[in-house]
Amino acid sequence: MNVTTPARTGDDRRKAVLITGASSGIGEATAQRLAADGHHVFLGARRTERLAELTGRLTDAGGSAAYRRLDVTDAADVRAFVDAARATYGRVDVLVNNAGVMPLSALEALRTEEWDRMLDVNVRGVLHGIAAALPVMRAQGGGHFVNIASVGAYEVSPTAAVYCATKFAVRALSEGLRQESGGDIRVTVVSPGVTESELADGIGDPPARQAMRDYRAVALPASAVANAIAFAVAQPADVDVNELVVRPTASAQ
């Protein structure tokens, strides 16, 4: 674990926010926005060199940030990540379950290892985050899960059947958690449309890669999704923003 700031102060407006998949894209933009808003951000991803660089930029700008290497497919590693954040800041106020992968392909391509990877990261990764943070939030009397889904959680398109299935699952898990929370735990699903990120870089299937290149001709900046997350996080404790869908204005999908 690498810490570059002192422990959390008693200012309730400054929340301890954990972000998975924080080394690029939406995760990086969210870290930048929430740190600028005055929150303490605890960043997790596998690429520690990027986390170190981002943490340095945030703290140089006066923000509060720390990081730890994180593999969301490893339940024990996610528990250690949450424990480290609590040790650093004293609380776990918000967990942004952002880590995700999107190696699209038609089902008939039978890229089963990629299917397994999407299930492991996009679904089990979220479940591991819930399992690690929920007991902490219960014990402290409150908390907030922000789960990043996709417009693919509402519709299915060719080459994206497995990816959409994982995002449908994120939406279902989030709604179940909301119903079970009893009012102490807030749950927000943020579903971006096409967003500038590295997600498409992992598409190994040539037809799907070309289709996504065309699809991404109009894309949101990652900062737009970060702004939506910041809006949900900023609401008072008695306001639970459950679902936000964010698309480029020019997008028909």
Side-chain angles (χ1 to χ4, degrees), residues 1-6 15-89 92 94-103 114 117-118 120-122 124-126 128-129 132-133 146-150 163 190 192 194-204 209 212 216 219-230 233:
M1 182 182 67
N2 297 80
V3 179
T4 56
T5 55
K15 297 178 180 179
V17 183
L18 288 61
I19 305 171
T20 72
S23 60
S24 65
I26 291 170
E28 178 182 8
T30 300
Q32 292 172 328
R33 170 59 196 269
L34 295 182
D37 287 350
H39 299 297
H40 308 279
V41 296
F42 196 83
L43 313 178
R46 291 179 300 161
R47 296 179 292 185
T48 53
E49 71 287 350
R50 290 199 177 190
L51 293 179
E53 190 275 333
L54 174 58
T55 299
R57 281 193 281 122
L58 297 179
T59 55
D60 287 347
S64 174
Y67 72 92
R68 186 185 190 279
R69 188 188 184 281
L70 173 64
D71 179 355
V72 298
T73 69
D74 184 334
D77 201 32
V78 179
R79 287 194 300 270
F81 175 71
V82 171
D83 289 344
R86 182 170 55 169
T88 301
Y89 295 129
V92 173
V94 183
L95 172 59
V96 181
N97 278 312
N98 166 70
V101 293
M102 191 184 67
E114 293 180 351
R117 180 65 178 163
M118 281 188 278
D120 285 342
V121 176
N122 298 359
R124 291 189 180 92
V126 171
H128 292 161
V146 179
N147 298 328
I148 307 305
S150 165
Y163 176 75
V190 178
V194 183
T195 304
E196 296 170 358
S197 73
E198 297 178 358
L199 270 181
D201 296 347
I203 300 175
R209 186 167 57 247
M212 181 53 61
R216 294 170 70 89
L220 289 167
S223 59
V225 184
N227 291 340
I229 295 169
V233 169

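Predicted model only: the values in this text are computed from it and were never measured. We use all heavy atoms of the structure for the numbers below, so side chains are in, but hydrogens, waters and symmetry mates are not. Throughout, numbering of the chain's residues begins at 1 and tracks the sequence.
Between D37 and R33 there is a salt bridge, since at least one side-chain N of the basic residue sits less than 4.0 Å from a carboxylate O of the acidic one. For the pair D77 and R68, the salt-bridge criterion is met [side-chain N within less than 4.0 Å of a carboxylate O]. Of the charged side-chain nitrogens involved, at least one lies within less than 4.0 Å of a carboxylate oxygen, so that R57 and E28 count as a salt-bridged pair.
Across every non-hydrogen atom of A45 and L51, the tightest pair is N-CD1, 3.4 Å. Of all heavy-atom pairs spanning A22 and L54, the tightest one is O-CD2, 3.4 Å. Residues V92 and A133 share a closest heavy-atom pair of CG1-CB, 4.5 Å. Across P103 and E114, no two heavy atoms sit closer than the pair O-OE1, 3.5 Å.
Here the CD1-CG distance, from I19 to N98, works out to 8.0 Å after rounding to the nearest 0.5 Å. Rounded to the nearest 0.5 angstrom, E53 CD and Y67 OH are separated by 11.0 Å. N122 CG to S150 OG: the interatomic distance, rounded to the nearest 0.5 Å, is 9.5 Å. Between atom OH of residue Y89 and atom CG of residue L18 there is a gap of 9.0 Å, rounded to the nearest 0.5 Å. Expressed to the nearest 0.5 Å, how far CD1 of I229 lies from CD1 of I26 amounts to 6.5 Å. Distance check: Y163 OH to M102 CE gives 6.0 Å after rounding to the nearest 0.5 Å.
At least one side-chain heavy atom of P192 sits under 4.5 Å from a side-chain heavy atom of I148. The shortest side-chain heavy-atom distance between R46 and R69 falls under the 4.5 Å cut-off. In this structure the side chain of H128 never reaches within 4.5 angstrom of the side chain of V72, judged on heavy atoms. Using a 4.5 Å heavy-atom threshold, the side chains of V121 and T73 count as touching. Between V17 and F42, every side-chain heavy-atom pair lies at or beyond the 4.5 Å cut-off. Inter-residue side-chain proximity for L95 and T20 is flagged as met; some heavy-atom pair is nearer than 4.5 Å. Residues V190 and V146 are in side-chain contact: their nearest non-hydrogen atoms beyond the backbone lie under 4.5 Å apart. Counting heavy atoms from C-beta on, the side chains of Q32 and L58 come closer than 4.5 Å.
Under 3.5 Å, the side chains of R47 and S23 contain a donor-acceptor pair of N or O atoms.
The closest donor-acceptor contact from the side chain of T59 to the backbone of G56 lies under 3.5 Å. Panel note: side chain H40, backbone K15; no donor-acceptor pair is recorded below 3.5 Å.
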